[in-house]
Amino acid sequence: MASVHESLYFNPMMTNGVVHANVFGIKDCVTPYKMALLVLLSELGRAGAQLSLLERRRLNRLLLPLLQGPDMTLSRLHKAIEESCPNLANSVQIRIKLMAEGELKDMEQFFDDLSDSFTGTEPEVHKTSVVGLFLRHMILAYNKLSFSQVYKLYTALQQYYQNDEKKAGIDETDMELTNTEELEGKMEKEELDVPLREEEISCSGPLSQKQAEYFLSQQASLLKNDETKALTPAFLQKELNNLLKFNPDFAEAHYLSYLNSLRVQDVFSSTHSLLHYFDRLILTGAESKSNGDEGYGRSLRYAALNLAALHCRFGHYRQAELALQEAIRIAQESNDHVCLQHCLSWLYILEQKRSDSCVLLEHSVKKAVHFGLPYLASLGIQSLVQQRAFAGKTANKLMDALKDSDLLHWKHSLSELIDISIAQKTAIWRLYGRSTMALQQAQMLLSMNSLEAVNVGVQQNNTESFAVVLCHLAELHAEQGCFAAASEILKHLKERFPPSSQHAQLWMLFDQKIQFDRAMNDGKYHVADSFVAGITALNSIEGVYRKAIVLKAQNQMSEAHKLLQKLLIHCQNIKNTEMVISVLLSIAELYWRSSCHTIALPVLLQALALSREYRLQYLASETVLNLAFSQLILGIPEQALNILHTAIEPILAHGAVLDKGCAMFLVAKCQVASAASLSPQKKTEALELAILNLNEAKTYFAKVDCKEQLRDVLYFQARLFHTLGKTQERNKCAMLFRQVHQELPAHGVPLINAFK
């Protein structure tokens with residue numbers, strides 16, 4: 001149920017609203033980069049009325065990230081200023097050059113002149129403004145330096161300028177070998193709002209308190225909203241280790257290290273960092289001073305709660321249960337109802353397989369509403385809807401419940417939960433077999449704008465909900481034979497959620513499944529078998545099911561039957577009804593292929609009863625088609641046609657292209673079989689109608705490149721044309737059949753003795 005700690009971003013440097021720099025251990029110090037900023041502020045004051053209103057606005061917007069951010073190279077600083085005001089950028093460059101190439105007294109004079117900004121009846125800078133505080137901090141820090149430290153600062157400034165000169169010389173050499181137009185295009189795309197690249201961050205030395213806080217808040221925001229723009233896990237960990245080297249008690253750095261370790265699924269490092277975060281939170285005394293004696297206990301119970309959430313995420317349910325019991329015990333002793341509500345939510349997650357978990361969840365929702373916790377209440381409603389969807393409740397009741405939770409979302413501007421709700425609706429419609437409604441919900445989420453304020457260039461919907469909806473969209477396109485569109489969606493997913501991100505497993509599974517289905521349609525069973533290992537690694541149940549499908553296609557009936565029986569027992573134990581029905585349909589097909597048609601009927605009836613009980617309409621329609629095929633094989637095609645009319649409509653409206661083709665092929669078979677007892681004229685009309693249905697089936701199979709089914713249709717059409725005496729059409733179908741048959745030889749199974 002997402003994050004459960006409502007105040008994980010406590011600031012250990014704050015005591016009753018006052019910042020204590022000594023807690024951090026690093027005060028503001030003068031660096032060459034900060035001297036460059038001082039030059040910028042000085043030149044900005046000199047320019048005065050010469051600057052246009054637009055240029056002044058741009059510079060004012062630029063100053064805050066420059067003052068708060070980490071040190072950057074002179075070239076990047078010059079580029080940022082140049083985008084706002086080219087003339088001022090040149091003045092800053094010349095001033096820094098004169099100071100670096102001049103003498104030490106020039107730097108001394110520069111700092112003496114800075115104090116003039118505060119003098120006069122109308123000073124250029126107010127002392128209490130952001131710029132004024134920065135200037136005063138720098139002047140004080142410079143005045144405290146000894147002569148040797150001043151000289152080191154001067155040599156550092158020279159080195160700072162010389163490094164930029166060397167880099168500029170290298171860039172000029174490269175520019176001669178590079179197309180000028182391409183270079184200009186690249187320059188236009190770069191913006192200051194884009195996070196700094198790894199090579200441009202200089203955290204080798206100690207950062208000031210403000211710089212460290214800005215760096216941590218920026219990276220934490222990027223990890224939440226757009227992980228691809230954040231630093232890579234290895235580089236971010238390196239910077240955090242460097243930060244902690246100068247101040248091991250910086251709690252927020254430990255928490256960001258915890259988030260970074262979660263990205264790469266490192267259970268040891270994430271646990272280590274999480275425990276250090278709460279240890280440092282207590283050591284700084286922030287909790288105890290701001291919250292009284294309850295401070296230490298508050299940190300301890302939330303530490304246990306977060307540790308339980310961490311273990312639950314990695315599948316360590318026994319350890320999660322022990323940590324949760326500890327959190328509940330401490331929260332009860334402190335009478336902390338908010339913490340207890342979070343504990344109750346996680347308790348449901350740990351015990352959701354039990355029969356009484358629904359009662360537990362309903363109690364959690366009621367208590368969350370009572371204590372004014374809309375986030376927890378909404379998550380509880382979402383979980384109840386999900387549980388009741390699997391229990392077979394009607395769609396209208398589920399949508400009404402989700403409508404109530406949506407009212408909470410919009411009332412409290414819970415943007416993340418709005419996305420989760422829409423993604424849940426998409427998944428529910430997919431579960432019930434309504435692909436059109438699922439597509440509509442997916443498009444709704446993709447067209448929405450997030451309510452959260454994020455920086456320019458940062459993706460607004462880079463969340464798990466967004467990944468889930470895109471995966472469903474890719475699968476829907478693949479089912480309709482639009483493989484190019486599905487590939488584009490998956491390509492977009494790979495760019496937005498790289499393999500190292502926490503939601504990458506979603507698109508990896510869907511990508512493997514789509515490629516598996518394409519290989520099976522193409523008759524390349526050895527290729528499909530190669531995807532089974534990847535699917536199993538991401539979803540063991542799905543992987544075993546796909547392995548059984550491959551074995552069935554390769555005519556290894558006994559091995560496939562053993563595998564499906566084991567999978568059936570396992571899915572029944574874990575109450576995975578959707579997979580149980582799919583396994584039953586595959587077992588029935590095995591009985592057909594083994595000419596045990598009567599044994600398949602009870603299996604199909606069991607699948608039909610389950611699909612109707614749990615209101616899985618699409619699976620129910622597919623089961624009816626299988627029953628119709630059984631009736632056809634048993635010699636009652638008229639009855640098969642009757643039940644086909646009740647099941648084919650949902651298939652044609654919401655089904656995959658392959659299922660539509662199979663349904664039309666089955667209709668044609670039943671029409672031909674039932675025409676045997678008709679008069680010659682009606683028989684001819686029935687056969688011609690069957691040929692039309694076969695043409696439609698052939699179009700569907702060709703769209704998904706299903707050569708095996710296409711071969712069967714061509715064979716059947718050739719036989720029908722031969723019966724009707726249409727020699728030319730028969731020969732054409734026979735020629736096409738021969739071409740496909742040579743590409744895809746039969747595997748010893750009668751051509752028309754299978755439904756799919």
Side-chain angles (χ1 to χ4, degrees), residues 382-403 406 418-448 463-483 485-486 489-490 493 503 505-514 516-517 535 538-539 541-542 545-546 571 575-583 585 607 610-623 647 649-660 704:
Q382 302 271 4
S383 298
L384 271 173
V385 168
Q386 187 182 70
Q387 191 179 62
R388 286 172 177 172
F390 290 133
K393 299 296 181 182
T394 56
N396 62 325
K397 292 182 179 179
L398 299 181
M399 293 304 158
D400 286 342
L402 285 175
K403 182 184 69 176
D406 287 341
I418 293 171
D419 297 347
I420 292 174
S421 177
I422 296 175
Q424 181 116 289
K425 291 175 186 175
T426 305
I428 288 172
W429 286 124
R430 286 283 287 160
L431 179 69
Y432 287 157
R434 301 297 183 90
S435 60
T436 308
M437 295 300 297
L439 185 63
Q440 181 191 48
Q441 293 295 326
Q443 294 288 358
M444 185 187 296
L445 179 57
L446 295 178
S447 61
M448 280 183 60
T463 58
E464 185 180 11
S465 306
F466 196 71
V468 168
V469 164
L470 277 175
C471 287
H472 280 302
L473 205 59
E475 191 175 40
L476 285 168
H477 280 83
E479 287 178 355
Q480 299 306 315
C482 305
F483 295 112
I489 295 171
L490 287 169
L493 275 163
H503 304 313
Q505 291 185 359
L506 292 169
W507 64 257
M508 287 179 180
L509 178 60
F510 278 82
D511 188 21
Q512 295 280 319
K513 286 165 65 176
I514 290 171
F516 175 89
D517 291 336
I535 295 173
L538 297 166
N539 188 325
I541 294 176
E542 192 73 36
Y545 176 66
R546 302 278 170 156
C571 292
K575 298 180 181 179
N576 188 345
T577 309
E578 190 177 9
M579 184 56 72
V580 167
I581 297 170
S582 300
V583 171
L585 294 179
L610 280 173
S611 56
R612 286 180 174 173
E613 180 186 351
Y614 289 92
R615 291 179 172 81
L616 305 177
Q617 184 184 12
Y618 189 75
L619 283 174
S621 301
E622 193 172 340
T623 307
E649 185 179 340
I651 296 291
L652 295 178
H654 303 286
V657 170
L658 180 61
D659 292 339
K660 292 177 184 179
V704 290

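Because the structure is a prediction, the values reported are computed rather than measured.
For the atom pair CD (Q512) and CG (D517), the distance works out to 11.5 Å, reported to the nearest 0.5 Å. The distance from the CD atom of Q386 to the CG atom of L431 is 10.0 Å, given to the nearest 0.5 Å. Atom OG of residue S582 and atom CG of residue L619 lie 5.0 Å apart, to the nearest 0.5 angstrom. Atom OG1 of T394 is separated from atom CE of M399 by 10.5 Å, given to the nearest 0.5 angstrom. Note that the CD atom of Q424 and the CG atom of L402 stand 6.0 Å from one another [nearest 0.5 Å]. Atom CD1 in I581 sits 9.0 Å away from atom CD in E613 (nearest 0.5 Å).
Considering only residues two or more places apart in sequence or on other chains, E649 meets the side-chain contact (heavy atoms from CB on, under 4.5 Å) condition with none of them. Remark: Y614 engages T577, L610, L616 in a side-chain contact (heavy atoms from CB on, under 4.5 Å) (not counting sequence neighbours). Residues that satisfy the side-chain contact (heavy atoms from CB on, under 4.5 Å) test with L439, not counting sequence neighbours, are Q443, L473, L476.
The closest donor-acceptor contact from the side chain of S421 to the backbone of D406 lies at 3.5 Å or more, if one exists at all. No donor-acceptor pair under 3.5 Å is formed between the side chain of E475 and the backbone N or O of I514. Of the possible polar contacts, one joining the R615 side chain to the G392 backbone as a donor-acceptor pair under 3.5 Å is found.
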List the steps, then state whether side-chain contact (heavy atoms from CB on, under 4.5 Å) holds for L398 with Y432. CA-CA 12 Å; L398 299 181; Y432 287 157; 3.3 Å; yes
Are I428 and Q441 close enough, and set up right, to give a side-chain contact (heavy atoms from CB on, under 4.5 Å), and what steps lead you there? CA-CA 10 Å; I428 288 172; Q441 293 295 326; over 6 Å; no
Between S435 and W429, is a side-chain contact (heavy atoms from CB on, under 4.5 Å) present by the stated rule, with each step listed? CA-CA 7 Å; S435 60; W429 286 124; over 6 Å; no
Begin with the C-alpha distance, continue with both residues' side-chain angles, and end with the deciding distance and a verdict on side-chain contact (heavy atoms from CB on, under 4.5 Å) for M444 and T426. CA-CA 10 Å; M444 185 187 296; T426 305; over 6 Å; no
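Using a 4.5 Å heavy-atom threshold, the side chains of L446 and F466 count as touching. For the pair Y618/P650, no side-chain contact is recorded, criterion being any heavy-atom separation below 4.5 Å from C-beta on. Counting heavy atoms from C-beta on, the side chains of Q505 and F510 never come closer than 4.5 Å. E542 has its side chain within reach of M579: a pair of non-hydrogen atoms, C-beta onward, lies under 4.5 Å apart. Between S465 and I422 the shortest side-chain heavy-atom distance does not fall below 4.5 Å. W507 places none of its side-chain heavy atoms less than 4.5 Å from the side chain of L470. You'll find the side chain of R388 reaches within 4.5 Å of the side chain of L384, heavy atoms only. Contact check for E479 versus V704: no side-chain heavy atoms found under the 4.5 Å cut-off.
Of all non-hydrogen atoms in S611 and T623, the two that sit nearest each other are OG-OG1, 4.3 Å. Here the closest non-hydrogen pair linking A438 and R430 is CB-CG, 3.6 Å. Nearest heavy atoms, I489 versus H477: CD1-ND1, 3.7 Å. Nearest heavy-atom pair, G655 versus Q480, reported as atom, atom and distance to 0.1 Å: O-NE2, 3.0 Å. When every heavy atom of H654 is checked against every heavy atom of G433, the shortest pair comes out as CB-O, 3.2 Å.
Because its NZ or CZ atom is not both nearer than 6.0 Å to the ring centre of F516 and within 45° of the ring axis, K513 does not count as a cation-pi partner of that residue.
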